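Fair warning: this is a prediction, and the values are worked out from it, not measured in the lab.
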Number of protein chains: 2
Amino acid sequence: MVVKNKGQANAIGEEKAEKRVFHNNDECPIRNVVAQIGDKWSVLILFALVEGPDRFNSLKSRVVGVSQRMLTQTLRDLEREGYVSRTVYPEVPVRVEYELTKMGRDLVKPLYQLVSWAEAHHDEIRRSRKVYDGRSESALDS
Amino acid sequence: MVVKNKGQANAIGEEKAEKRVFHNNDECPIRNVVAQIGDKWSVLILFALVEGPDRFNSLKSRVVGVSQRMLTQTLRDLEREGYVSRTVYPEVPVRVEYELTKMGRDLVKPLYQLVSWAEAHHDEIRRSRKVYDGRSESALDS
DNA sequence: CCGCATCCGTGCTGATACTG
DNA sequence: CAGTATCAGCACGGATGCGG
């Protein structure tokens, strides 16, 4: 992440010294990971695969709304990152199974913490949005 | 998460368990949270604010690369979600401080787990990318 | 069944200039 | 200091058609 402080102090919540500087570049592991899982379909696909290996068209059915194009593309990206493995069974017709790798199953753990938090605070977030949007409207009063 | 557990046991009969269906819509708390923090600057700004309240231009210096436009916009979004509070001190010149709310500080906890994972696996991910990209090139052999 | 190729609209993003 | 306004580029993502 290129945390510039006194000599590359690692991690985030450790010392309470000077305020840290954050870089968003190719070397930033935060963005390198979050940018991928933060896209439109990655998280849903990863969680679908938690329940076990699955085929392309089965995934397409289970991840409602994903297009063929985006499912292919996202699976390729996840495979490139090393989260998902792709296995082709040369049967007739061809069967292709996608499965979480060890790193993929590892990633899902902290990800699940985040999702649990999201589910627990969903209502609170939506209330906050309504309040915020309401204030914006009332700002138009004279 | 809008998990629909009904039938859906289509195709290939040998499903050992019922697999869940994931929807990406406005009601999905996963996407509702991940979509926001997954954007280009949210995580870095949130982590910058973990160290305490900060002013606009200070944040702009610490989050290297962010433009004035995106910093404003992201802070507004985070405020709307309820993660960040905005306080204006009518001094001369004006001072505006941004601070994590309780929910914001709460969110950072699971987020920190994810970031720690990211830092620990950054090298492995980059190796995986190189391998993947290497395979793509060698596929051009004859 | 599992894709890839192509077209194309839309929204995110940065650069720049201006305001209270 | 802390924004807002406007313009332009381009990447994201959907729809469709073709191929192994």
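When rounded to the nearest whole Å, the span between CG of Asp39(A) and C1' of dG11(C) equals 16 Å. One can place CG of Leu59(B) at 12 Å from C1' of dA2(D), the figure rounded to the nearest angstrom. The nearest whole Å value for the distance from the CD atom in Glu91(B) to the P atom in dG3(D) is 14 Å. Between the P atom of dA11(D) and the CD atom of Gln36(A) lies a distance of 16 Å, rounded to the nearest Å. For the pair Asn57(A) CG and dG3(C) P, the interatomic distance rounds to 9 Å; values are reported in whole Å. A straight line from CD1 of Ile45(B) to C1' of dT13(C) spans 14 Å, rounded to a whole angstrom. If you measure from atom CZ of Arg55(A) to atom C1' of dC1(C), you get 8 Å, rounded to the nearest angstrom. As rounded to whole Å, 18 Å separates atom P of dG20(C) from atom CZ of Phe56(B).
Within the 4.5 Å cutoff, side-chain heavy atoms of Glu124(B) are placed close to those of Met103(A). Side-chain contact check for Leu107(A) versus Leu114(B): some heavy-atom pair is nearer than 4.5 Å. Side-chain contact check for Leu44(B) versus Val64(B): every heavy-atom pair is 4.5 Å or farther apart.
For Tyr98(B) and dC1(D), the shortest distance from a side-chain N or O to OP1 or OP2 is not below 4.0 Å.
Annotation: proximity of residues 68-78 of chain B to DNA chain D (heavy atom, distance under 4.0 Å) is found for Gln68(B), Arg69(B), Thr72(B), Arg76(B), numbered in ascending order.
Within the nucleic acid shown, Lys40(B) comes within 4.0 Å of sugar-phosphate atoms alone, with no base atom in reach, counting heavy atoms only.
Not one N or O on the side chain of Arg80(B) forms a donor-acceptor pair closer than 3.5 Å with the backbone of Tyr132(A). Side-chain atoms of Asn24(A) come within 3.5 Å of backbone N or O of Lys40(B) as a donor-acceptor pair.
If you take CG on Leu49(A) and CG on Leu59(A), they are separated by 5.0 Å, rounding to the nearest 0.5 Å.
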